[in-house]
Structures are given as structure tokens and as C-alpha cells.
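Notes for the one structure printed next.
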2 protein chains.
Amino acid sequence: MTTSTLSRTEAVGPKTNSARSINRDTLLNAALALLGPHRSISTLSLREVAREAGIAPNSFYRHFRDTDELAVALIDSAGAALRHIFTEARRNIRPGDSVTRMSVEIFMAQLEAEDQLLPLLLREGTVGSSGFKQAVERQLQYFENEIHEEMVRLENLKGNQLEDARIAARAITRLVFTMGATALDQELSDRPLLVEQTAKMVRMIIRGAQSLAILADE
Amino acid sequence: MTTSTLSRTEAVGPKTNSARSINRDTLLNAALALLGPHRSISTLSLREVAREAGIAPNSFYRHFRDTDELAVALIDSAGAALRHIFTEARRNIRPGDSVTRMSVEIFMAQLEAEDQLLPLLLREGTVGSSGFKQAVERQLQYFENEIHEEMVRLENLKGNQLEDARIAARAITRLVFTMGATALDQELSDRPLLVEQTAKMVRMIIRGAQSLAILADE
DNA sequence: CAACTGTCTATACAGTTGTATATTTGTAGT
DNA sequence: ACTACAAATATACAACTGTATAGACAGTTG
């Protein structure tokens, strides 16, 4: 799952290494295991990851220049996996269901998923090296694009116009991610309420965007 | 400025210490100086702060249990100072001005303020100890409350009803803070555009909230 | 003055970190 | 089977961390 974006190198694998070969993915998984649900990537040390992966500290350099490069790879990987989950899940939505609520629910469900990929993306937006922050930003923009497309598509069906759909999509992305991050630090029992609130927020934005568009038409 | 919330202890000051006395504030300022515009609190070490403040490492313990306690104090202090700035600035808005746009502009202006208090609050929401994250959350809720009050007040004037004003206020707070954090990592020249976008997002939320309220009434 | 107070410092220690260097190991090619 | 080579390791080092311990200093009390 998490390996999909990183298989570039292993396809060219020069040696048919022994079964216990060490790739970038081994290290990524080790890092993921260390992170758990609350710890931040920036606190990972090179030695710690190497230890977890069962290799010597220096072997780390064969795969990543430093922990920062690993962090970026982790973000890219998590983002790709998540987007896959989302597009897959959205394909199965039956017509008539509330798309926004459905999406928010899928989103929040991922908070508790075993792989802990979403928390990764939620937590790490604002700290770290600039390269790292750019990686997170990139992933957010992918989501933003998908939401944008979805909005345009739906509104075309309804024959309405959406002014600044781009901005609305941006607002929705950021808002949902922020609320998700908030949810991470709260009790599990509070989450349904948060899902409800977040869905309502999203509806506010969509309706507000429509309303502003109508005004602009007159 | 940043000392307002922390003057508890110094008022009871037991000794008339020599002129170069070391308070919590001295350490807070040292930490602030080290942080600069991009560095995260969590990377501060006890020794580093002590060095910057010009005291021995162990003296740190006289004022804070650990760097985490200092971080919480820093957040509380920054939040209080910022809220003061905002309420002050909002008092001077002339009737007829767009409150939301005005507020967003004030907000974004604080991004470049010398004290760097806002960036502090924007950056540190999602990482760190749970105590620290709660401190940030607390500050966000203060802002949320103020926006809520403002919304209720304005909508009373217009005779409209606001459904879920609370949720709308929450959405606005989180969204503006997130967009602010995004702005921090972008070129200065891009910021006016971001201000525009963010203001529009806020207007979407407000209008969406109104629109949903009207629907609920029928 | 002497004793006591709280504040700050100096020294020290064990642990961890990133990385430079040299060495071993396992596999492929001829 | 022997060499060549890449991958992984072992050892080492200087820097830094948080903190334990003990001592120096100034100000307030008796």
C-alpha cells in the first residue's frame, strides 16, 4: 500500500539480494512503526530508524541522504495511498447519498485506520524543513484538485454556476484537514460529533459559494 | 506585551534582586529570540535557551520544570497578546467597512509583525506534548468565542438568524489560522492574494451559514 | 557577627546524535 | 576458483543533550 509511489528503485534492483534485503520501503515502514499515532516525524533520528529496521546506522545513507529525505518520501507515500483510498471509496457512493457527509466520514474513518497514514499528513503540515513542508503542501493540493473537479462536475449536473469553485475547494480541503487534526487529539467518543460539525462546515462553504455566485450573476 | 499573562509571580517577588534579575519572562524572550520566523518550539533545548538568556543550564529549573512548560507559557502569552491586538484593532473599524476583510487583513499583518507571536501560534498546533497542544487549542477557542460573539451581534442588527453560529465561528477560526500558516511559507508578494482568498472563504462560510438558517426556518 | 535563606554557577556524567573511516561480507563475472 | 565490486558493518569521535551534585554568592534574619 504505502509502497506504491516508491517502487521506482526496486524495479531496477541490481542484485537479486538475499531474501532479507533492505530497501527504502523497509526504512519507511520502520519509521512508520516508530511514529505511532501521535509522534511527529521531526523527532525521528537516523539511528533510531536504522535500529528499528535492524541495520547499522551508516547503512541508512545507502537509501536516504538524511531523515529529512525519508520524511518527504513518507509524506509522498502516505498521500498517494490516501488518495487511492478516497477515490476508491467515492466510486462506491450510491446516488442520493450525501457526498460531502460520506466523504467526511471516510476521512474520519481513516483517522483510526491501522496504517496511520492520515494522521501523518494531518500532523506535519506546519513544522519541519521547507522541503518537507512543500511535500505536505503538494499532497494537500492533490486533494484540493480532486475536490475541485468533483464540485464542478456536480454543479454542472445541477445547472448551477460555481464562482470561485477553486477557492471553495481549497477552503474545504484545509478545513477538513484541520478538523481532522483536532479530532486526533480528542477522545474517540467525541469524533462522531466532530464528523457532524465538519460536514456542516463543508455544506456551509458549498452553499456560500453557490450563493455568492448567484449574487455575482445578477 | 508578551509578559501580561505571566506577571503572577513577579508581583510577589520575594527578594529585591539585583538589577539583572532573571524571570520567567527573560527566558520566554530568549526562547522567542531563538525561534525566529520559522523554527518550531519543539526543537528548543533547555541548554540553548539558558545560553541565550545568559544563565547556567541548571538555573532554568528555577523557572520552568522543563522546556515543555516554557512552551506552554509561551503559547499562553502569545495568545493573550494577540487577542489584545485584535480587539483593539476591531474597536477602530469604521461602520461600513467590511469587518471580515478588515479582520483578515489585521490577521495577515500580524504575520509580518516583529514580535512573531502569530507565527508561533500558527505553526505549533499539531505537534508536541499533549499539554502543549491543549494550550494551543485553548487559545484557538478564545478566538473562536470572540468571532462567535461578533457574528451573533452583527446578525442581530440585521434581523437575521444564524443557525449554528458556533460552528461557523469554529470553521472561520480554523480556516483563517490554517491559511495563515500556509502564508507563512510563501513569498511575501503572494500574501495579498492569500488575504483576498481567505476573506472570500470567510464570506462563503458566513453566507452559507445564513442560507442554511433560512432553509431551516421554512 | 553568625546562621540561614534562596538563587545562581561549576563540574561532571551518562546517554544520544550524525557521520568519517576502515573493514568485513556476500554475490557476479570471467 | 579467483578477482572485482557493491552493500552492510564495526569502530570511533566530537558535539550536544538533560540533569545530579556540590559549592559560591548575596540578602535577610536572629
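In what follows, every heavy atom counts, from backbone to side chain, and hydrogens, waters and symmetry copies are set aside. In the text below, chain A, chain B and the rest are named by the order of the sequence lines, each starting its count at 1. What you see is a predicted model, and the numbers here were worked out from it, not measured in a lab.
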Once you round it to whole Å, what is the distance between [atom2] of [N] and [atom1] of [X]?
X	N	atom1	atom2	answer
B/N23	C/dT7	CG	P	12 Å
A/H63	C/dT19	NE2	P	16 Å
A/R51	C/dG15	CZ	P	13 Å
B/L27	C/dT7	CG	C1'	13 Å
A/I55	D/dA10	CD1	P	12 Å
A/F60	D/dA7	CZ	C1'	16 Å

Exercise for the section: Would you check if A/I41 and A/L120 make a side-chain contact, meaning some heavy-atom pair closer than 4.5 Å? Expected result: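 The answer is yes; the side chains approach within 4.5 Å.
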Exercise for the section: State, with a plain yes or no, whether a side-chain heavy atom of A/M179 is found less than 4.5 Å away from one of A/V104. Expected result: no
Handout entry: Salt-bridge contact B/R101-B/E105 (side-chain N to carboxylate O under 4.0 Å)
Key =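 Yes, B/R101 and B/E105 are salt-bridged.
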Handout entry: Sidechain N-carboxylate O distance under 4.0 Å for B/E149, B/R90
Key =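 Judged by the 4.0 Å cut-off on N to carboxylate O distance, B/E149 and B/R90 do not form a salt bridge.
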Exercise for the section: Would you mind telling me which residue lines up with the more 5' stretch of DNA chain D, B/L44 or A/R62, judged by nearest nucleotide? Expected result: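 Looking at DNA chain D, the more 5' nearest nucleotide goes with A/R62.
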Exercise for the section: Scan B/E137, B/R138, B/Q139 and name whichever one has a side-chain contact (heavy atoms from CB on, under 4.5 Å) with B/Q141. Expected result: B/E137
Exercise for the section: Among the candidates C/dT17, C/dC8, D/dT9, find the nucleotide nearest to the side-chain atoms of A/E48. Expected result: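 The closest nucleotide is C/dT17.
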Exercise for the section: Report the nucleotide, chosen from C/dT17, D/dT9, C/dC8, that has the shortest atom-to-atom distance to any side-chain atom of A/S45. Expected result: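 From the listed options, C/dT17 comes nearest.
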Handout entry: Aromatic plane relationship, B/F177 with B/F143 - under 30° parallel, 30 to 60° tilted, over 60° perpendicular
Key =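 Judged by the thresholds at 30° and 60°, the geometry between B/F143 and B/F177 is perpendicular.
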Exercise for the section: Please determine, for C/dA3, whether a Watson-Crick or G-U wobble partner exists with both distances under 3.5 Å, and give it or none. Expected result: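 Check on C/dA3: paired to D/dT28, both distances under 3.5 Å.
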Problem - Short side-chain N/O contact to C/dT9 OP1/OP2 from B/S59, under 4.0 Å - result: yes
Short heteroatom pairs, N/O only, protein and nucleotides 19-24 of chain D, under 3.5 Å:
residue: D/dT19; atom: OP2; partner: B/Y61; partner atom: OH; Å: 2.7
residue: D/dT19; atom: O5'; partner: B/Y61; partner atom: OH; Å: 3.1
residue: D/dT19; atom: O4; partner: B/R47; partner atom: NH1; Å: 3.0
residue: D/dA20; atom: N6; partner: B/N58; partner atom: ND2; Å: 2.5
residue: D/dT21; atom: O4; partner: B/N58; partner atom: ND2; Å: 2.9

Exercise for the section: List the atom of B/A31, the atom of B/L74, and the distance in Å for their closest heavy-atom pair. Expected result: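 Looking at all heavy atoms of both residues, the closest pair is CB-CD2, 4.1 Å.
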